[in-house]
Amino acid sequence: MNILGIHGGVTLNQHDAGAALICDGKVVAAVEEERILRMKGAYGQIPIRAISACLKHAGLTMNDIDGIVHPGETYDDMPGRIRDYITYYFGHCPPVEMINHQMAHLASAYFHAPADDTFVLSYDAYGDRLSGAYGIADSEKGVEMLGSFPNSNSLGMFYATMTSYLGFMPGEDEFKVMGLAAYGKEKYDLTVFAKPTADGYLVDSDFIRSDPAPKSRLEPYYSQKLVDLLGEPRRLGEPIDERLMDVAFATQQALEACAISLVEMIQKKTGRSRLALAGGVGLNCSANLKLDRLPTLNDLFVQPASSDRGLALGCAYHGAFAAGDRPQPLSDVYLGPSSSAADDTIKAALDLTGMAFRESDAPGEEVGRWLAEGKIVGWFQGRSEFGPRALGNRSILADPRSVEMKDVVNARVKFREEFRPFAPATLEEEASTLFEMSKPSPYMTKAFPVREEKKATLGGVTHLNGTARVQTVSAESNPRFHAVIKAFANETGVPSVMNTSFNIKGQPIVETPLEAISTFASTGLDALVMGNFIVEKQRTPRA
């Protein structure tokens, strides 16, 4: 069976459109619309381009698809609208099934890495009249939803409201609040807004603007009640002072307390010891660290595309299981289009731009040496990653050892706020020597404490709170990226490199060679490696 999971918008507020294709139980492609459209979030878009990319990769047409699955079961007009769109663009529309938004999240979490004794949790802002759901899952029955939370009790909306108050973009910049929280101290008490309870948690929606309710993320989410509690909000572009850092600290503190309480409540109900987690709040890697350390949990799996980006994959999983296929686990998320399977695609882009380039038989060794010399490198290989994290195929790489390098990359390459941390991509076999961790963490979904004796060595990737959002890299999952880190370790003795997404602030991660070249040319990158092709800038050494 060929099952196409899609998620998109017929209204302007729907975001993170994408498509995922499962053929006979195997995920063959998963693509976000923003990567091809080049519009962050792909607001209000049906994922026509992402669908086309999935079909192209599999060598199929829409006539080969047995069924389409989409979230939005509580919207009566959605099936007809989807059929109209698909028929208009592809000339044919298979049967369309609608499922609950939260069920799609739950399916994405469980079927990616299925295991016995699993309970599942989704929590986000809202979707299909719910802000979260939980249940149990196994290989025979699939995912069974046991409970849910209404829109009026939403941890995602709590965090989005505080994101708006702090002068960032709700629904997009929550990770900035998480990063800023490490700079604050305990001063404010937000348990009046969000607090743990015996039923998990309780959010007081009076702190969220409702008269009128915000119609888009460009409007304030907070009510006057929150302003009365905390003082004037930050306006766009205003500086960030200690008060705002302390508010961010309180926001993260409240979220973590509620998340812990919620997980403990569900675990008591289900009696299970392994958690599979999804939903936008699931991308909060600092909260995930706290959950991962709960003594009652044997394992925590966080869906790498936890936010609405992962809904298409969850829909495809749900549809495949319902059709009688048994979805196969994923060993990686390199599921997007490939520009380097055929090097002539890259060469054609280089020829078109007139860039001087050369080929290398061992680009990983050269990059490892350059990073040790302080150079910043754009690394473009293979199929693109599905989800918000660059995991070694669409990455910007640098030396993780110095705090100064973090500032240089933020200022000269990413053009973003100085408080934003970077992630260490680390040899899987060496990760426990650098970080307090005992299992692989290949998707950057959890933060881990940096070992005390290694903090000075990893100054560029150790956040102010002493943690790092680790990506472990094995030779099996990504041999080319593993070779880069290995080469850097041979040069420096440090089996880790600084890894950030190959884009600049406000733009989607690069998808094609031309986009990689454009970003390389317009930023402070020193070199670009695409496949075996290398482009270097001639510049005077940095002072």
Chemist: With side chains defined as the heavy atoms from C-beta onward, is the minimum distance between Leu300 and Val263 less than 4.5 Å?
Modeler: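 SC-SC contact between Leu300 and Val263 ruled out.
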Chemist: Would you say that Val27 contacts Pro327 through its side chain, given a criterion of any heavy-atom pair below 4.5 Å between the two side chains?
Modeler: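 SC-SC contact between Val27 and Pro327 ruled out.
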Chemist: Which one of Gln507, Met169, His15, Glu172 satisfies the side chain to side chain contact (heavy atoms under 4.5 Å, CB included) criterion with Lys40?
Modeler: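 Testing Lys40 for a side chain to side chain contact (heavy atoms under 4.5 Å, CB included) against Gln507, Met169, His15, Glu172 leaves exactly one candidate, Glu172.
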Chemist: Which heavy atom of Val203 sits nearest a heavy atom of Ala194, and at what distance?
Modeler: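 Smallest heavy-atom distance, with atoms named: CG2-CB, 4.2 Å.
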Chemist: Heavy-atom distance under 4.5 Å between the side chains of Leu37 and Gln45, does that happen here?
Modeler: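 Yes; the side chains approach each other to less than 4.5 Å.
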Chemist: Mind checking whether Tyr222 and Tyr165 have parallel, tilted or perpendicular rings, split at 30° and 60°?
Modeler: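 Rings of Tyr222 and Tyr165: perpendicular, over 60°.
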Chemist: Give me the one residue out of Tyr443, Tyr317, Phe386 that meets ring pair (Phe, Tyr, Trp, His ring centres under 6.0 Å) with His112.
Modeler: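 By the ring pair (Phe, Tyr, Trp, His ring centres under 6.0 Å) criterion, His112 pairs with just one of Tyr443, Tyr317, Phe386: Tyr443.
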Chemist: Can you tell me how far apart CZ (Arg394) and OG1 (Thr500) are? Round to the nearest 0.5 Å.
Modeler: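 The CZ atom of Arg394 sits 15.0 Å away from the OG1 atom of Thr500.
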Chemist: Is it true that a side-chain atom of Gln303 and a backbone atom of Gly279 form a donor plus acceptor pair closer than 3.5 Å?
Modeler: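 Between the backbone of Gly279 and the side chain of Gln303 there is no qualifying donor-acceptor contact (under 3.5 Å).
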Chemist: Taking the side chain from Asn503 and the backbone from Val510, do they hold a donor-acceptor pair closer than 3.5 Å?
Modeler: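 Here the side-chain-to-backbone pair does not exist.
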Chemist: Evaluate the side-chain proximity of Phe207 to Gln224: yes if any heavy-atom separation is below 4.5 Å, no if none is.
Modeler: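 Of all side-chain heavy-atom pairs linking Phe207 with Gln224, none is under 4.5 Å.
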Chemist: Check whether any side-chain N or O of Gln267 sits under 3.5 Å from a backbone N or O of Arg272 as a donor-acceptor pair, and report yes or no.
Modeler: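 Yes.
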Chemist: Could you tell me if the side chain of Glu34 sits less than 4.5 Å from the side chain of Arg309, heavy atoms only?
Modeler: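 The answer is yes, as the side chains (C-beta and beyond) meet within the 4.5 Å cut-off.
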Chemist: On a heavy-atom basis, which atom in Met1 and which in Ala323 lie closest, and how many Å separate them?
Modeler: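 Looking at all heavy atoms of both residues, the closest pair is CE-CB, 3.9 Å.
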Chemist: Dump the intermediate steps for side chain to side chain contact (heavy atoms under 4.5 Å, CB included) on Leu4 and Asp66, then the final yes or no.
Modeler: CA-CA 8 Å; Leu4 182 66; Asp66 296 295; over 6 Å; no
Chemist: Starting at CG of Leu121, measure out to CE of Met265 and round the result to the nearest 0.5 Å.
Modeler: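 One finds 8.5 Å between CG of Leu121 and CE of Met265.
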Chemist: Check for a donor-acceptor pair, side chain of Ser131 on one end and backbone N or O of Pro150 on the other, with a separation under 3.5 Å.
Modeler: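 Yes, the answer is positive, given that a donor and an acceptor are paired below the 3.5 Å cut-off.
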Chemist: What's the spacing between Asn393 CG and Ser338 OG if we round to 0.5 Å?
Modeler: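 It is 8.5 Å, given to the nearest 0.5 Å.
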Chemist: Step by step, work out the side chain to side chain contact (heavy atoms under 4.5 Å, CB included) result for Ile82 and Met98.
Modeler: CA-CA 10 Å; Ile82 292 168; Met98 308 299 294; 4.0 Å; yes
Chemist: So, Ser501 side chain and Ala390 main chain: donor-acceptor pair closer than 3.5 Å or not?
Modeler: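 No, Ser501 side chain to Ala390 backbone: no donor-acceptor pair under 3.5 Å.
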Chemist: What's the shortest heavy-atom distance between Pro47 and Gly18, and which atoms?
Modeler: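 That would be CG-O, 3.3 Å.
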Chemist: Could you state the interatomic distance from CG (Leu155) to CG (Leu262), rounded to the nearest 0.5 Å?
Modeler: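 Between Leu155 CG and Leu262 CG, I get 7.0 Å after rounding to 0.5 Å.
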Chemist: With no hydrogens and no angle check, do the side chains of Thr161 and Ser164 hold a donor and an acceptor under 3.5 Å apart?
Modeler: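 The answer is no; no qualifying pair exists.
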Chemist: Between Tyr134 and Ser122, is a side chain to side chain contact (heavy atoms under 4.5 Å, CB included) present by the stated rule, with each step listed?
Modeler: CA-CA 6 Å; Tyr134 61 89; Ser122 162; over 6 Å; no
Chemist: When you look at Thr163 and Lys176, which way does the side chain to side chain contact (heavy atoms under 4.5 Å, CB included) test go after all the steps?
Modeler: CA-CA 8 Å; Thr163 300; Lys176 295 183 182 180; over 6 Å; no
Chemist: Any idea which heavy atoms bring Gly25 and Asp325 closest together, and the distance?
Modeler: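 Closest approach of Gly25 to Asp325, heavy atoms only: N-OD2, 3.7 Å.
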Chemist: Do we see a donor-acceptor contact under 3.5 Å between the side chains of Thr74 and Arg129?
Modeler: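 There is such a pair between these side chains.
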Chemist: Could you check whether any side-chain heavy atom of Leu313 comes within less than 4.5 Å of a side-chain heavy atom of Leu330, counting everything from C-beta outward?
Modeler: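 Answer yes - side chains close enough.
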Chemist: Closer than 4.0 angstrom, basic N to acidic O: yes or no for Glu511 and Arg38?
Modeler: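 Answer for the salt bridge query: no.
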Chemist: Are a donor atom and an acceptor atom from the side chains of Asn478 and Tyr334 found within less than 3.5 Å of each other?
Modeler: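 There is such a pair between these side chains.
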Chemist: Would you give the length of the straight line joining atom NZ of Lys446 to atom CG of Leu291, rounded to the nearest 0.5 angstrom?
Modeler: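 One gets 9.5 Å once the value is rounded to the nearest 0.5 Å.
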Chemist: Under the side-chain contact (heavy atoms from CB on, under 4.5 Å) test, which residues partner Ala447, sequence neighbours left out?
Modeler: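 Partners of Ala447 under the side-chain contact (heavy atoms from CB on, under 4.5 Å) test: Cys285, Leu289, Thr467.
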Chemist: I'd like to check Leu106 versus Met145 (side-chain heavy atoms, cut-off strictly below 4.5 Å). Are they in contact?
Modeler: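 Leu106 vs Met145: side chains touch.
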Chemist: Under a 3.5 Å distance rule, please check whether Arg234 uses its side chain to pair with a backbone N or O of Leu166 as donor and acceptor.
Modeler: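 Indeed, once roles are kept as given, a pair shorter than 3.5 Å links the two residues.
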Chemist: Side chains of Asn499 and Ser395: is there a donor and an acceptor less than 3.5 Å apart?
Modeler: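 Note: Asn499 and Ser395 side chains meet the donor-acceptor criterion.
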Chemist: Would you call the rings of Phe502 and Phe380 parallel, tilted or perpendicular, where under 30° means parallel and over 60° means perpendicular?
Modeler: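 Ring orientation, 0 to 90° scale: perpendicular.
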Chemist: May I ask you to say whether Arg274 pairs ionically with Asp116, meaning some side-chain N is under 4.0 Å from a carboxylate O?
Modeler: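 No.
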Chemist: Side chains of His57 and Arg383 only: does a donor on one sit below 3.5 Å from an acceptor on the other?
Modeler: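 There is such a pair between these side chains.
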Chemist: For Gly179, does its backbone N or O pair with a side-chain atom of His463 as donor and acceptor, under 3.5 Å?
Modeler: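 The answer is yes, because a donor-acceptor pair under 3.5 Å joins these two groups.
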Chemist: So do Leu146 and Phe119 actually touch side chain to side chain, heavy atoms under 4.5 Å?
Modeler: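 Heavy-atom side-chain distance check fails, nothing below 4.5 Å.
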Chemist: Quick one: do the His105 and Asp124 side chains pair a donor with an acceptor below 3.5 Å?
Modeler: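 Their side chains do contain a donor-acceptor pair, which is all the 3.5 Å distance test asks for.
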Chemist: If we ignore angles and hydrogens, is there a donor and acceptor under 3.5 Å between the side chains of Gln252 and Asn284?
Modeler: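 Yes, side-chain donor-acceptor contact under 3.5 Å.
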Chemist: Between Ala58 and Val28, what is the shortest heavy-atom contact and its length?
Modeler: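 Smallest interatomic distance, heavy atoms only, reads CB-CG2, 4.2 Å.
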Chemist: Report the distance from atom CZ of Phe168 to atom CG of Leu244, rounding to the nearest 0.5 Å.
Modeler: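 If we round to the nearest 0.5 Å, Phe168:CZ and Leu244:CG are 8.0 Å apart.
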Chemist: Mind checking side-chain contact (heavy atoms from CB on, under 4.5 Å) for Val281 and listing every partner two or more places apart, or none if nothing turns up?
Modeler: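 Residues passing side-chain contact (heavy atoms from CB on, under 4.5 Å) with Val281: Tyr123, Leu255.
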Chemist: Anything under 30° is parallel, anything over 60° is perpendicular, the rest tilted; go ahead and classify His101 against His7.
Modeler: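 Taking His7 first and then His101, their aromatic rings stand perpendicular (interplane angle over 60°).
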Chemist: Specify the closest pair of heavy atoms between Ser148 and Leu130, including all atoms of both residues, with the distance to one decimal.
Modeler: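 Residues Ser148 and Leu130, closest heavy atoms: OG-CD2, 3.7 Å.
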Chemist: Look at atom CG of Asp76 and say whether more than 12 heavy atoms of other residues, nucleotides or ligands are closer to it than 6.0 Å.
Modeler: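 For Asp76, atom CG is not crowded (no more than 12 foreign heavy atoms under 6.0 Å).
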Chemist: Can you say whether the rings of Phe158 and Phe193 are parallel (under 30°), tilted (30 to 60°) or perpendicular (over 60°)?
Modeler: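 Perpendicular, since the angle between the ring planes exceeds 60°.
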Chemist: When you measure from the side chain of Ser154 to the backbone of Ala125, do you find a donor-acceptor pair of N or O atoms at a distance under 3.5 Å?
Modeler: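 Judged by distance alone, yes, a pair lies under 3.5 Å.
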Chemist: Sub-3.5 Å donor-acceptor pair from the side chain of Asp128 to the main-chain atoms of Glu73, do we have one?
Modeler: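 Pair found, side chain donor or acceptor close to backbone of Glu73.
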Chemist: Counting distance only, does the side-chain N/O of Gln471 pair as donor-acceptor with the main-chain N or O of Leu391 below 3.5 Å?
Modeler: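 Present.
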Chemist: Counting only heavy atoms from other residues, nucleotides and ligands, does the tally under 6.0 Å from CG of Leu236 exceed 12?
Modeler: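 No - once you tally the heavy atoms of other residues, nucleotides and ligands closer than 6.0 Å, there are 12 at most.
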Chemist: Report, as yes or no, whether the 6.0 Å neighbourhood of atom NZ on Lys195 holds more than 12 heavy atoms from other residues, nucleotides or ligands.
Modeler: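 Check fails, neighbour count at 12 or below.
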